[in-house]
There are 2 protein chains.
Amino acid sequence: MSDFEIHTLGCGSARPSLRHQPSSTVVKHRGNLFMVDCGEGAQLGFMRQRLSFSRLRHIFLTHLHGDHVFGLPGLIGTLALNGSGGGVTIHTFADGERQLRAIFDYFCRDTPFEINFNVIKPEDAVILETKSLTVRTVKLKHRVPAVGFVFEEKIGERHINPSMCERYEVPKSWMRRLKGGEDYIMEDGTVIPNNILTFDPTPPKSYAHISDTVYLPALAEKIKGVDLLFHETTYLNQHLAMAAPRGHSTAAQAAMVARDAGAGRLLTGHYSSRYDDDSLFLKEASEIFPNVVLNREGLVTPIS
Amino acid sequence: MSDFEIHTLGCGSARPSLRHQPSSTVVKHRGNLFMVDCGEGAQLGFMRQRLSFSRLRHIFLTHLHGDHVFGLPGLIGTLALNGSGGGVTIHTFADGERQLRAIFDYFCRDTPFEINFNVIKPEDAVILETKSLTVRTVKLKHRVPAVGFVFEEKIGERHINPSMCERYEVPKSWMRRLKGGEDYIMEDGTVIPNNILTFDPTPPKSYAHISDTVYLPALAEKIKGVDLLFHETTYLNQHLAMAAPRGHSTAAQAAMVARDAGAGRLLTGHYSSRYDDDSLFLKEASEIFPNVVLNREGLVTPIS
């Protein structure tokens with residue numbers, strides 16, 4: 001099991017269908033769960049994937065359209081019923097806090113934990129730092145203010161080389177300092193350089209979640225080298241003329257962003273319900289960028 | 001196909017599970033759709049049963065708990081996207097209007113039809129008259145104000161007896177008057193009594209939707225002779241002690257109401273997620289009242 005993976009709960013767009021659920025994605029990192037958007041029914045997808053409500057502490061909203069938000073009151077109600085202990089933080093615009101607080105104040109009065117809000121703005125900014133992750137926003141362009149979220153692992157500790165540590169008889173009490181990069185100083189004063197006793201840290205990985213937005217060529221520079229890029233692919237090229245006026249992108253445009261960003265892989269989604277055959281999104285994007293993952297509800301995409 | 005039938009979209013209670021959806025029921029009467037409660041995901045159940053959004057004009061809310069309401073913003077959004085022409089009326093308490101208007105005003109700004117509210121009170125009253133149906137509330141007892149809804153067909157027109165009309169050579173222009181109960185007066189003044197030329201109207205049918213409530217023995221009198229009674233069966237008798245404090249009923253209590261009301265059949269539902277085997281609700285209720293229908297998502301129950 002990867003310790004950084006993306007669970008797709010819903011990858012449809014606003015008009016619901018029997019094939020796709022509205023937007024919701026869970027980022028799982030070292031057992032912690034971060035939800036991006038929470039369309040109606042997200043909590044069901046959450047349960048179907050056997051994710052644990054008690055590990056969910058942060059919910060990020062890209063923008064305030066119903067298909068990205070309407071699952072939130074029910075999810076909060078469920079967290080309350082499950083006695084989820086530690087509280088939850090919702091990262092959203094000021095308007096989102098106002099609207100959601102009004103709903104929670106009336107319908108979720110008995111919630112036994114804190115519902116915190118971190119008010120974010122439609123701009124590029126770091127909005128959360130945890131021990132092992134940085135989350136930042138990138139400004140998008142949609143019919144209402146919108147941001148994408150970039151999850152970047154921090155550079156981890158160096159890994160101990162057990163056989164070398166054994167050879168130099170490094171005591172256990174030194175391990176933490178070695179992981180931090182210190183050289184080992186033997187009792188007789190001999191210095192053993194850290195890089196003899198340790199391996200480099202695992203290269204940090206990153207995930208960018210870009211939805212909903214028109215095609216923004218300048219975005220590529222801001223997510224340069226991202227390992228996995230979710231970029232909305234609401235339309236196919238045959239409906240290119242609709243995309244920008246409605247604040248959306250085509251599969252080909254998403255692929256151009258992935259290509260220009262030098263992304264590892266591109267994950268599709270936010271499919272318009274007008275199409276019956278999802279494989280067309282894969283086909284169109286793959287002609288521009290080779291490493292495309294065709295999204296669907298229930299898909300788990302490891303970031304490797 | 002019956003012209004009066006009940007579609008179950010969700011028959012679970014507040015804590016969601018992978019087995020049951022939160023509360024929502026559609027009453028279909030002569031092609032018109034009336035929704036009672038709208039838990040999260042109701043619109044999906046609606047689509048799964050291939051019901052037509054354009055036939056939905058009335059939504060009734062029993063009370064203002066999230067598991068009966070949280071599907072409503074998404075449903076309104078979908079009606080808007082589908083360009084549902086004729087508007088919709090939501091029958092709810094004053095608090096419901098206030099809360100829902102706030103949500104709709106922000107999240108459903110582009111709705112191309114009127115969202116009307118009919119403010120009801122937690123009391124016994126007729127709240128809607130259509131050409132062929134009367135809908136009335138009955139006061140229930142729950143942790144918050146709550147009502148049940150009783151749908152009663154009006155007595156229809158008399159049915160023409162074609163062979164007798166032919167024998168007396170009744171002209172077509174008289175048919176409407178015969179259906180209304182008039183005697184036929186021949187050109188020579190002879191009176192043919194109406195009951196020779198017509199059959200009695202179809203006996204009117206009725207449906208009562210009772211959820212959420214503690215066991216109310218006095219309710220039976222108010223729904224006397226109802227053809228189909230949905231009465232919540234949140235608990236089994238083994239958890240009787242929990243039922244009243246939490247504002248709910250057991251399967252046995254629902255059956256006592258059905259028996260005392262002389263109901264035609266009892267439809268179960270609003271199952272607590274603590275039980276894995278729904279058939280226990282059927283078993284417990286059937287020991288008191290024989291005609292029990294075990295509810296489940298997707299069930300269509302004709303009222304005959």
Side-chain angles (χ1 to χ4, degrees), chain A residues 10 12-23 38-50 53 63-83 93 95-96 98-111 143-144 272-274, chain B residues 10 12-23 38-50 53 63-83 93 95-96 98-111 143-144 272-274:
Chain A
S13 59
R15 191 191 298 257
S17 72
L18 293 175
R19 295 177 53 242
H20 289 296
Q21 298 291 305
S23 294
C38 187
E40 185 177 355
Q43 60 170 317
L44 259 190
F46 201 92
M47 288 189 287
R48 284 203 188 101
Q49 297 209 25
R50 309 208 169 280
F53 286 117
H63 65 295
L64 296 167
H65 275 160
D67 58 320
H68 295 249
V69 175
F70 285 162
L72 202 41
L75 176 68
I76 294 295
T78 294
L79 292 177
L81 281 169
N82 282 352
F93 303 136
D95 260 16
R98 198 160 35 244
Q99 294 299 323
L100 291 168
R101 272 209 197 279
I103 297 172
F104 299 156
D105 284 352
Y106 188 84
F107 288 102
C108 308
R109 271 168 285 195
D110 302 332
T111 306
R143 303 195 307 275
V144 294
S272 163
S273 64
R274 77 190 58 226
Chain B
S13 59
R15 191 192 297 256
S17 72
L18 293 176
R19 294 178 52 242
H20 289 298
Q21 298 290 307
S23 293
C38 188
E40 185 178 354
Q43 61 170 318
L44 258 191
F46 201 92
M47 288 189 286
R48 283 203 188 102
Q49 297 210 25
R50 309 210 169 278
F53 286 118
H63 65 296
L64 296 167
H65 274 159
D67 58 320
H68 295 249
V69 175
F70 285 161
L72 203 40
L75 176 67
I76 294 295
T78 293
L79 293 177
L81 280 170
N82 282 351
F93 304 136
D95 260 15
R98 197 159 34 243
Q99 294 300 322
L100 291 169
R101 272 208 197 280
I103 296 172
F104 298 156
D105 284 351
Y106 188 84
F107 287 103
C108 309
R109 270 168 285 193
D110 302 332
T111 306
R143 302 195 308 274
V144 295
S272 162
S273 65
R274 78 190 58 225

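Within every chain, numbering begins at 1; the chains are lettered A, B, ... in the order of the sequence lines, protein sequences first and strands thereafter. What you are looking at is a predicted structure, and each value in this text was computed from that prediction instead of being measured.
For B:Val144, no part lies near chain A; criterion is any non-hydrogen pair under 4.5 Å.
Rounded to the nearest 0.5 Å, atoms CD1 (B:Ile103) and CD1 (A:Ile103) are 4.0 Å apart.
In plain terms, the two heavy atoms of A:Glu40 and B:Ala42 that are nearest each other are OE2-N, 4.0 Å. Nearest approach of A:Phe107 to B:Gln99, heavy atoms of both residues: CE1-CB, 4.0 Å. Closest approach of A:Arg15 to B:Asn82, counting heavy atoms only: NH1-OD1, 2.8 Å. Smallest separation of non-hydrogen atoms from B:Leu44 and A:Ser17: CD2-O, 3.6 Å.
Contact count versus chain B (heavy atoms, under 4.5 Å) is highest, among A:Gly66, A:Gly74, A:Ala14, for A:Gly74.
The environment of CZ in A:Arg109 is crowded: more than 12 heavy-atom neighbours from other residues, nucleotides or ligands sit within 6.0 Å.
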